[in-house]
Amino acid sequence: MSRRTITVLGATGSVGASTLDLLMRAPDAWAVEALTANCDVAALAQSARAVNAKLAVVADEGCYAALKDALAGTGIEAAAGKAALCDAAKRPAEIVVAAIVGAAGLQPTLAAVERGATLAIANKETLVCAGDLVRAAAVRSGAVLLPVDSEHNAIFQVFDHAHPERVTRIIVTASGGPFRRSTADEMRHVTPAQACTHPVWSMGAKISVDSATLMNKGLELIEAAHLFPVTPDQLEVIVHPQSVVHSFVEYIDGSMLAQLGSPDMRTPIAYCLAYPERMATPSARLDLAAVARLEFEAPDYDRFPALGLATDALRAGGSAPCILNAANEVAVAAFLAGEIGFLDIAAIVADTLSRVGAGGVASLDEVVAIDSAARRAALAAVSRRGVSAAKPRQAAAAARRQA
Ligand code: NAD
Ligand code: MG
C-alpha cells in the first residue's frame, strides 16, 4: 500500500502532538511533507526528525537561523515567515491538519483549501472569522473539510449529510470548564494557572482559557454553523461535565444520535486521518460502569457572558464573528500575561464589538482589515482596563521573577 502524504500546520501544539503521536504509531502508512510551528524550534526540529519530514517551517523569521542549525545534516529543508507557512500548505500533501491556534492560521489553511486538499480542521478561529470564504474556496477546489474539534467531529459522524432537512437540532456539549460552580466574585480573582487547568481535557493555553469563559463554546456554535447546513436557531449548547457525549443531532422523529468516547483528541483526529475508513487508536476505551453518571445542565449566560456575545455575533453574521474572535484573542493574551482580570475578557470583547461597526465581508483582504481594526480597539480596551487590573499584573510579574 502506498503511503499517504500529510502536512501538519501547528505541529508543536496540543493537537499537533496528538497528530504526530498517531503518525509515529504507523510510520509505514505516512509520508510527512511539512511541519510548522510559531517559534518552538527545539520541539519542531525534534518532531521533524522523528517523522522524517521533508520541510520544517517557523512562522517567526527571527527563529530561522536556530531552526537551520537544529536541522543541520538531516536533509530536512528549513524555512521561515508567513509566506513560507502558506507555501508549506500549498505543497502536495493529501491531508493537511490545520492546528495553528488563532486567526494566524487563516492564510495557510485557506492556501490548503484552495488547492483542494483534504483538511482536518482544528483551527476553529479560521472558520469563525472567515468561514464563508473557506467554504466557498472548498466548493471551488473540491477540498474536503473534516472537523477535528471533538464536538463537530461527533456531529459529523451522526449527521445525515444526504438529508439535512431531517435534522431538527444540533446540541453541542460543553464541559462547563473549571469555574462551572464558581460565583462571579470568585471568578474575578482567578489566575491564568487556574483558568488553564481544565477539569477534563489537556489543551493549549488559549483554548483552555476560552473553555473557562465558555467563549470556546460560543466559537464552536459559529464553527458548527459553517460546517453543517443548519440555522442559528437549530444550534444549542448543553453543559455536560463528564465530556463523554461529544454532541447530539436530533431528527424530525424525535430521535437523538450522539457520539461518545473518552476525552482524547486522538479519536477525532484519527477519524479525520482515516476518513472514510477507520483506524485503530490507543485512546482509552469508555468504561461506562466507571463513568456511572452522565449529567446535563443548561449553561448560565449571566456568569458566562462570552457565550451570549458569541451567540449574538453568530446571529448578526458578516464581520461580527471576526471582531468577536480578534477581541477575544487580544483579551486572552492580556489575561495570560497578567495584564487584566478573568472577567475583563468578556468585557473587552463586548466593548470592542460596540466600538467596531460590523458589516459584510467579501474578501480575505476585508477579513484581515477587520481583524486588525478589532485588535487595535481591543488593545485600547486592555490598556483602559489594565490600570484597574494592576494587582494581577504585579502578581504575574512576581510569578515570572520566581519562575
Ligand atoms: P497550542 O497552543 O497547543 O498549539 C498551537 C500551535 O500553533 C503551535 O504549534 C504553535 O507553534 C502554532 N502557532 C501559534 N501561534 C502561531 C502563529 N502566529 N503563526 C503560526 N503558528 C502559530 O494550541 P492547541 O490547543 O493545539 O489548539 C490548536 C487549534 O485547535 C486551536 O484553534 C484550538 O481551538 C483547536 N482545538 C484544540 C483542541 C485541543 O484539545 N487542544 C481541541 C479542539 C480544537
Ligand atoms: Mg471542542
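Read the numbers this way: they start at 1 and go in the same order the structure lists the ligands and their atoms.
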- Message: Determine whether His198 and Ser175 satisfy the following criterion, side chain to side chain donor-acceptor pair (under 3.5 Å), listing intermediate values before the conclusion.
- Response: CA-CA 9 Å; His198 195 276; Ser175 71; 3.0 Å; yes
- Message: I'd like to know whether Asp233 forms a salt bridge (charged side-chain N to carboxylate O under 4.0 Å, His left out) with Arg169, so could you lay out the CA-CA distance, the side-chain angles of the two residues, the decisive distance to 0.1 Å, and finally the verdict.
- Response: CA-CA 8 Å; Asp233 286 341; Arg169 281 191 300 168; over 6 Å; no
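Of the heavy atoms in Asp40, only side-chain atoms (C-beta onward) come closer than 4.0 Å to ligand 1. Both the backbone and the side chain of Ala122 come within contact range of ligand 1, each with a heavy atom under 4.0 Å. Neither the backbone nor the side chain of Lys206 has any atom closer than 4.0 Å to an atom of ligand 1 (non-hydrogen atoms only).
The angle that Glu151 OE1 and Asp149 OD1 make at the Mg ion (ligand 2), rounded to 10°, works out to 100°.
Closest protein heavy atom to atom 44 (C) of ligand 1: Asp149 OD1, 3.6 Å. Among protein heavy atoms, the minimum distance from atom 34 (O) of ligand 1 is reached at Lys124 CE, 3.1 Å. The nearest heavy-atom contact from the protein to atom 11 (O) of ligand 1 is Asn38 N, 2.8 Å. Among all non-hydrogen protein atoms, the one lying nearest atom 19 (N) of ligand 1 is Ala59 CB, 3.5 Å. From the protein, the heavy atom lying nearest to atom 5 (C) of ligand 1 is Val101 CG1, 3.6 Å. The shortest contact between atom 38 (C) of ligand 1 and any protein heavy atom is with Val15 CG2, 3.5 Å. From the protein, the heavy atom lying nearest to atom 41 (N) of ligand 1 is Ser14 OG, 3.2 Å. Given atom 28 (C) of ligand 1, the protein heavy atom at minimum distance is Ala99 O, 3.4 Å.
The shortest N or O to N or O distance between Gly204 and ligand 1 is below 3.5 Å. Taking any N or O of Ser202, backbone or side chain, none lies under 3.5 Å from an N or O belonging to ligand 1.
Interface of Met265 with ligand 1, defined as ligand atoms under 4.0 Å from a residue heavy atom, comprises 40 (O), 42 (C), 43 (C). Residue-ligand proximity, Ala11 to ligand 1, at heavy-atom distances under 4.0 Å covers atoms 9 (O). The ligand atoms of ligand 1 that sit less than 4.0 angstrom from a heavy atom of Glu125 are 31 (C), 32 (O), 34 (O). Atoms of ligand 1 lying under 4.0 Å from any heavy atom of Asn123, numbered from 1 in the order shown and given with element: 32 (O). Close contacts between ligand 1 and Ala37 involve ligand atoms 11 (O) [criterion: under 4.0 Å to a heavy atom]. Each of the following atoms of ligand 1 lies closer than 4.0 Å to a heavy atom of Gly13: 1 (P), 3 (O), 4 (O), 8 (C), 9 (O), 26 (O). Interface atoms of ligand 1 facing Ala104, defined by a heavy-atom separation under 4.0 Å, are 17 (C), 18 (N), 19 (N).
Looking at Lys217 and Glu151, a side-chain N of the basic residue comes within less than 4.0 Å of a carboxylate O on the acidic one, giving a salt bridge.
In this structure a side-chain-to-backbone donor-acceptor pair under 3.5 Å is present from His240 to Glu295. The main-chain N or O of Gly10 is found under 3.5 Å from a side-chain atom of Thr36 such that the two form a donor-acceptor pair. Side-chain atoms of Glu277 never come within 3.5 Å of backbone atoms of Ala274 as a donor-acceptor pair (strictly under, hydrogens ignored).
A pairwise comparison of heavy atoms in Ile238 and Ala298 identifies CD1-N, 4.4 Å as the closest pair.
Between Leu273 and Ile6, the closest side-chain pair of non-hydrogen atoms falls below 4.5 Å. Side-chain contact check for Arg266 versus Asp21: some heavy-atom pair is nearer than 4.5 Å.
In Gln46, the CD atom is not crowded: 12 or fewer heavy atoms of neighbouring residues, nucleotides or ligands sit closer than 6.0 Å. Within 6.0 Å of atom CZ in Arg293, 12 or fewer heavy atoms from other residues, nucleotides or ligands are found, so the atom counts as exposed in its surroundings.
Outside the 6.0 Å centre-distance limit, the rings of Phe179 and Phe304 are not counted as a close aromatic pair. In this structure, His161 has its ring center under 6.0 Å from that of Phe156. Aromatic pair Phe159/Tyr251: ring centres not closer than 6.0 Å.
Closest heavy-atom approach to atom 10 (C) of ligand 1 among the candidates Leu44, Thr12, Asn153: Thr12. For the residues Ile207, Thr19, Ile100, the heavy atom positioned nearest atom 21 (N) of ligand 1 is part of Ile100.
At a 4.0 Å cut-off, at least one heavy atom of Leu85 sits close enough to ligand 1 to count as contact.
Of all the N, O or S atoms in Glu220, the one closest to the Mg ion (ligand 2) is OE2.
A side-chain donor-acceptor contact under 3.5 Å links Asn123 and Thr126.
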